Amino acid sequence: MSGVLALPELSLVVLVGASGSGKSTFAARHFGRYETVSSDVCRGLVSNDEMDQAATEAAFEVLHVIAGKRLAAGHLTVVDATNVQADSRKQLVSLAREHDVLPVAIVFDVPEQICLERNAARPDRDFGAHVVRRQRDQLRRSMRGLAKEGFRRVHILRGIEEIADATITRERLFNDLRHEVGPFDVIGDVHGCLGELEMLLEKLGYAIGRDSSDRAVDAVHPQGRRAVFVGDLVDRGPDSPGVLRLVMGMAGAGHAFAVPGNHENKLIRSLQGRDVRVSHGLAETLAQLAAEGDAFRQEVRVFCEGLISHLVLDGGRLVVAHAGLKEAYHGRASGRVRSFAMYGDTTGETDEYGLPVRYPWAREYRGAATVLYGHTPVPETEWVNNTLCLDTGCVFGGRLSALRYPERELVAVAAARVYYEPARPFPPAGSQPPGTEPEQREAGLLDVQDVLGKRIVQAAHHGRITVREEQAAGALEVMSRFALEPQWLPYLPPTMAPCAASKRPDVLEHPDDAFAAYRADGVEALICQEKHMGSRAVVLLCRDEAAASARFWTSGGSGAVYTRTGRPFFARPLTEQLLDRLRRAVSVAGLWEELDTSWLLLDCELLPWSAKAGDLLRNQYAAVGAAAQSALPAALQALDAVSKRGIDVADLTDRIKRRATNVEAYRAAYRRYCWPTDGLDGIRLAPFQVLAAEQQTFHDRDHEWHLAQADRLVASAPDMITPTARLRVDATDETSAAAAVSWWERLTAAGGEGMVVKPLGNLTRSRRGLAQPGIKVRGREYLRIIYGPDYTEPESLQRLRERNVGHKRSLAQREYALGLESLERLVRGEPLWRVHEPVFAVLALESEPIDPRL
Amino acid sequence: MHTAAVLLTVTTTEPPATDLGFLLHKNPERAQSFDLPVGRAHVFYPQASAQRCTAALLLEVDPIELVRGKRFGGTEAFSLAQYVNDRPYAASSLLAVALARVFGTAMSGRCEARPDLAQRAIPLAIHIPALPSRGGVNLAERVFAPLGWGVQANPVPMDPTIPAWGDSPYLDVRLTGVLRLADALTHLYVLLPVLDSAKHYWVGHDEVDKLLRTAGGWLPDHPERDLITRRYLAHDRELVLSAVGRLAEVDDIAPDTMEDVAVPADPPARQVSLAVARQMSLAAQRRAAVLAELRSAGAATVLDLGCGEGALIRDLLTDTAFTTIVGADVSDRALRTAARRLNLDRLPDRQRQRVNLIQASVTYRDERLAGFDAAVLMEVIEHVDPPRLAALATVLFGHAAPRTVVVTTPNAEHNVRFAELVSGSFRHRDHRFEWTREQFRSWADGIARAHGYDVRFLAIGPDDPEVGAPTQAVVFSRKEQAEAGQR
């Protein structure tokens, strides 16, 4: 036994030795503070006494839970207990297996006398010598059988010198190629189709190297890209040896990686001389190999035996396995991990063709790593939850496919012919195989665990954003009962904060305070946009119904028009009418071609406000006006009569008169938001931002670009689409700011709602993280609807100035970051649950109790 | 800051009319002001002659202070409607409180200066220009007329410039009658809040007691006694919004329209109309039918999807054959109500272990819904938007795949038998559809085909030969594995 103990980087290390043999001291020296879980400590945790033997059972329960949690999270864990009994070790071995990590034993074989002396030196260990003697006996009897018990490595340290001299090295697992960062070209099941493989490699840009017999033995990419084969190189096809020769050559030269497929696995066993059923095309391979020499067959055997069942690449962001791999198995090593990687998750049943029924693990996949695999031939590749099957049935007359990573571009060549008739009919490319339709719909199905409970969403532009449990509960109900199906909601807009309260005597909000806020954040180039007197509306517009269902997993409908909480503005027929008119405008403007997309996501205002909030306007706002205009004139009449009687009520009369005037103004303010609509007649849409299109978002383009696109739509359909007035402002230039102020004054004096000030450059970072995407500055008259008819009274304004916009701003910032996150996930082609996560979080955050008047 | 004003005037023509000042204990020759917790009250006399004397009570209210006050529990989670509201203008409970404070002695009938007059019925006219009435002119007449008032009530238009909006909930009310002033005042004190009903502000338990003492003389014989009592006592309204209510507001929707449908109020015991009585017995029949199906299917573990307030769970608990009962609902509020109504925190352990309530949604696949012998969707599918029924089918029949599924839903054909139901409308405002028997059958058959179930249809409630029973139901039974493999 050398002094260097090698441990797999992820393993369960079981220390075995009698009390006093020096395990804890050793553990403290060689492992991290939290890596060791000690039975003594666990005893102390549950009973206040590390030596309380009555607490042993509870202590080990705790120890197993802690060790299990650590292993599940992928941390090496050391168990510091005597572990001299076979039974206690057995439980630890099965714990390791449960988490698919390798169990390792380190045995401390120390003379009894030393153990006794050490125990005697410690006041808390007052148990008798017989205890240590018994432990020594048990240890001696255990030592030989440890490997048989399932320990993959057993290190025995004899005597205190060996223990003192030992050092530890941690070894990477074979599947751990996280340091290989690509770029890669991941290639699907080849099955002996050498011609197609050579064509594909050339199409990918590789130069094929040949030996003196003109056989392909290597392929090199000028940019140093490397190929990754997903397995099933052999069987069924015309030239399995040729494929093996090429792939072995590439692998040997460091130009390729490969994982084994089930066909390689069977080939090995056949080459090893074991009894295997020669079926599924193995006969062809064996016949072809028979024509090669023994040396080649030996080379093939060594190569295939050396293949690692799955590879973790690119810092853990990419996993390649022949039949795919669920997240819990990534980077793990065990028999079942290997079996899953090669054969997939089978249910044990067989289908009508005698093929095993596979469990659709990918549908439930929620891992962050991209998983690429083959194994099951599909007519078309389709991303399912960040996983992609690259077996497009080349040998059955389909195609040989590759995925460029990280670009995620598909490259394929068609098979020259059908080489092998499949057991199950293989549909031609582009056709819809029977029975796959429900599965496709399921790709758009969400799991409640994606949204329920307290959640933390990672937003690239902001970091971690927490959603509290009760917020999620409220959002679940609204999302389920009132919103559109989640497929239609790839985005929800953030809330918007107002400017800080103005110090001016007569107004609550003023543009100067918005400019000042941006200036304080170092954002100087601004744009003011007219705030429309409508409702925020998000429009998802697809070129047609087919484009919608292909991209958004929807069934029926060519898009959606929805509110801030995801409710539809109109029933489906009217929605389609609106989408039709908008679609024509987009076509006339030529935006489909220009943005190279079949769908658009637009941020808009839909007017009038009464179209959505008619009930609110009538039952809330108008009702207040009605009560006031019935009560106040009567009061004034009464006061008038009193004063005619010579009693002084001048102060009171004055007040009531002012209130009557305020109510008039208030009624005028809400009336501007009401006009009759009939179907689409009277409905107007004001788009102001292009949120996303296929493969791109636009938050890096400045707002003038966005409004220019909106103007083109206005030009195409001026009867329905309304322009957004705007003005550029330099926040550091007094003249420019003053011009913006008078612009705002003109807008609001004419009854306008006000304006929104935004950073001209759109997505802007400031010293304090994301700059506010917009700050609203509402008009004096409009605010009567929000703060009440009399809010302009000096006393009232004084009190309202105490309002605090900090919380609202923080909320706006988080929701903005979540919105960006959902858009970016959407255009990256991420699965629905990933897009839905930040969308749901926006809805959940919106339920935050915050002053609704801000 | 006090804004605007609520107004009420009292006029008498009993000569000398100026004696009204003695009765009210307020001098007709002065304007007086009183600072009250609800605002600032002013009393003055627009007319004061021997023939005719009018006293006016004007209350200035501070709506923001009302909301902010500590007694309302918080400072932030309020509804926007509480900031812009009619309280400053409408004659509501606030005015009633002011009335009791300013004219308390008059209301008790004490008057040392004119003791006889105080005990005598005199001609009175009362004017309330903005009286909120949930129930319109009719209700105002029903509550005031039996007390001896002539009622002249004119609805105030919602907005004269937008005639399409119709009338507002406010009435310009003039009451005339010959009554004791003290009685007149107690009538107003009790009935103003009753008419208002919807937007009560909590005034405290002592006020309730005071009400009962005050109205003891006439309330017991009032034909609308139950309505008056119920409305008066029902005003402990939850003012702090739930998360769902806040989301409603984000979308400019009245919070109660989203919250109420999840947890419908119990019909008050003595106000049950015929229709409601029929509905209730139907609900009981429905539960009985579902239970019978679950028993005959031999189900031990049952999932009640859309359990609402747990009526079916209560029945399931009484039969120990049901060993595991899980109630799932999308509404967190409904689940909390269910837990309360089922007394979950007080059930003995053995019972408690049988039942579990979880928040779930058929929009999302959910492992917790799998592995049950039977699932029930009782009056649930009609609350699901039609485009989502496919997801419901996938989640329930595809993933959870219980052996038996019982689904009940209204039979739309039967609606013509409900006289109270406006033709073409649904039985509940949250219903997204109501199906005919044919539509229901074709939906169920489609699911059975796609997921390998047999179906059997049931009628619940009196089966009308022409339009069928009020409730229709289907029992899905999963085909055996071998059989299912054939598809």
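This is a predicted model, so every value here is computed, not measured. These numbers come from the heavy atoms of this one structure, side chains and all, not from hydrogens, waters or symmetry mates. Each chain gets a letter, A, B and so on, in the order the sequences are listed, and its residues count up from 1.
Contact annotation for A:Asp447: both backbone and side-chain heavy atoms come within less than 4.5 Å of a heavy atom of chain B. In this structure, the portions of B:Thr363 lying under 4.5 Å from any heavy atom of chain A include both its backbone and its side chain. Looking at B:Ala164, there are no atoms closer than 4.5 Å to chain A (heavy atoms on both sides), in backbone or side chain. With a 4.5 angstrom heavy-atom cutoff, A:Ala668 does not touch chain B via any of its atoms. The contact between B:Glu29 and chain A is made by backbone and side chain atoms together, counting heavy-atom distances below 4.5 Å. Neither the backbone nor the side chain of B:Asn154 comes within less than 4.5 Å of any heavy atom in chain A. Only the backbone of A:Glu848 comes within less than 4.5 Å of a heavy atom of chain B; no side-chain atom from C-beta onward does. For A:Tyr670, the part lying near chain B is the side chain, with the backbone staying farther off; criterion is any non-hydrogen pair under 4.5 Å. Heavy atoms of A:Arg658 lying under 4.5 Å from chain B are absent altogether. Proximity to chain A (any heavy atom under 4.5 Å) is restricted, for B:Arg30, to the backbone atoms N, CA, C and O.
For the atom pair CG (B:Asp366) and CG (A:Leu452), the distance works out to 8.0 Å, reported to the nearest 0.5 Å. Here A:Ser643 contributes atom OG and B:Phe44 contributes atom CZ; the two are 10.0 Å apart, rounded to the nearest 0.5 Å. To the nearest 0.5 Å, atom CD of residue A:Glu477 and atom OG of residue B:Ser361 are 10.0 Å apart. Remark: A:Asp450 CG to B:Arg365 CZ distance equals 7.5 Å, nearest 0.5 Å. The CG atom of B:Asp332 lies 9.0 Å from the CG atom of A:Leu476; values are rounded to the nearest 0.5 Å. The structure places CH2 of A:Trp675 at 12.5 Å from CD1 of B:Ile162, a figure rounded to the nearest 0.5 Å.
Judged by distance alone, with hydrogens and angles left aside, the side-chain atoms of B:Gln359 form a donor-acceptor pair with the main-chain N or O of A:Ala473 at under 3.5 Å. Put simply, the side chain of B:Arg388 gets close to the backbone of A:Leu484: a donor and an acceptor are under 3.5 Å apart. Proximity of a side-chain donor or acceptor of A:Ser630 to a complementary backbone N or O of B:Pro129 within less than 3.5 Å is detected.
A:Arg618 and B:Asp159 are not joined by a salt bridge, as no carboxylate oxygen comes within less than 4.0 angstrom of a charged side-chain nitrogen. The pair B:Glu60-A:Arg655 meets the salt-bridge criterion, with a side-chain N (NZ, NE, NH1 or NH2) lying under 4.0 Å from an Asp/Glu carboxylate O.
Interface remark: of the candidates A:Arg645, A:His836, A:Arg667, A:Arg645 forms the most heavy-atom pairs closer than 4.5 Å to chain B. Between chain B and the options A:Gly556, A:Ala660, A:Gly557, A:Ala622, heavy-atom pairs under 4.5 Å are most frequent for A:Ala622. Options A:Thr554, A:Thr495, A:Leu617, A:Asp615 differ in how many heavy-atom pairs under 4.5 Å they form with chain B, and the most are formed by A:Leu617.
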Stepwise salt bridge (charged side-chain N to carboxylate O under 4.0 Å, His left out) test for A:Arg481 and B:Asp385
CA-CA 8 Å; A:Arg481 296 180 58 216; B:Asp385 277 334; over 6 Å; no

I would like to know whether B:Tyr45 and A:Ile647 meet side-chain contact (heavy atoms from CB on, under 4.5 Å); could you show each step before the answer?
CA-CA 9 Å; B:Tyr45 289 76; A:Ile647 298 167; 5.8 Å; no

Apply side-chain contact (heavy atoms from CB on, under 4.5 Å) to residues A:Val448 and B:Glu367 and explain how you reach the verdict.
CA-CA 8 Å; A:Val448 77; B:Glu367 271 185 17; over 6 Å; no

Could you go through A:Val649 and B:His42, starting from their C-alpha distance and side-chain angles, then the distance that decides it, and tell me whether this counts as side-chain contact (heavy atoms from CB on, under 4.5 Å)?
CA-CA 10 Å; A:Val649 284; B:His42 307 274; over 6 Å; no

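Between A:Ala626 and B:Tyr170, the shortest heavy-atom distance links the atoms CB-CD1, 4.3 Å. Scanning both residues, B:Tyr364 and A:Val451, for their nearest heavy atoms gives CE2-CG2, 3.8 Å. Taking every heavy atom of both residues into account, A:Glu485 and B:Pro387 meet most closely at OE2-CB, 3.1 Å.
Residue A:Glu364 places its CD atom among more than 12 non-hydrogen atoms of other residues, nucleotides or ligands, all under 6.0 Å distant.
The side chain to side chain donor-acceptor pair (under 3.5 Å) check on A:Arg803 picks up A:Glu509, A:Tyr787, with sequence neighbours excluded.
A:Phe482 places a side-chain heavy atom less than 4.5 Å from the side chain of B:Asp430.
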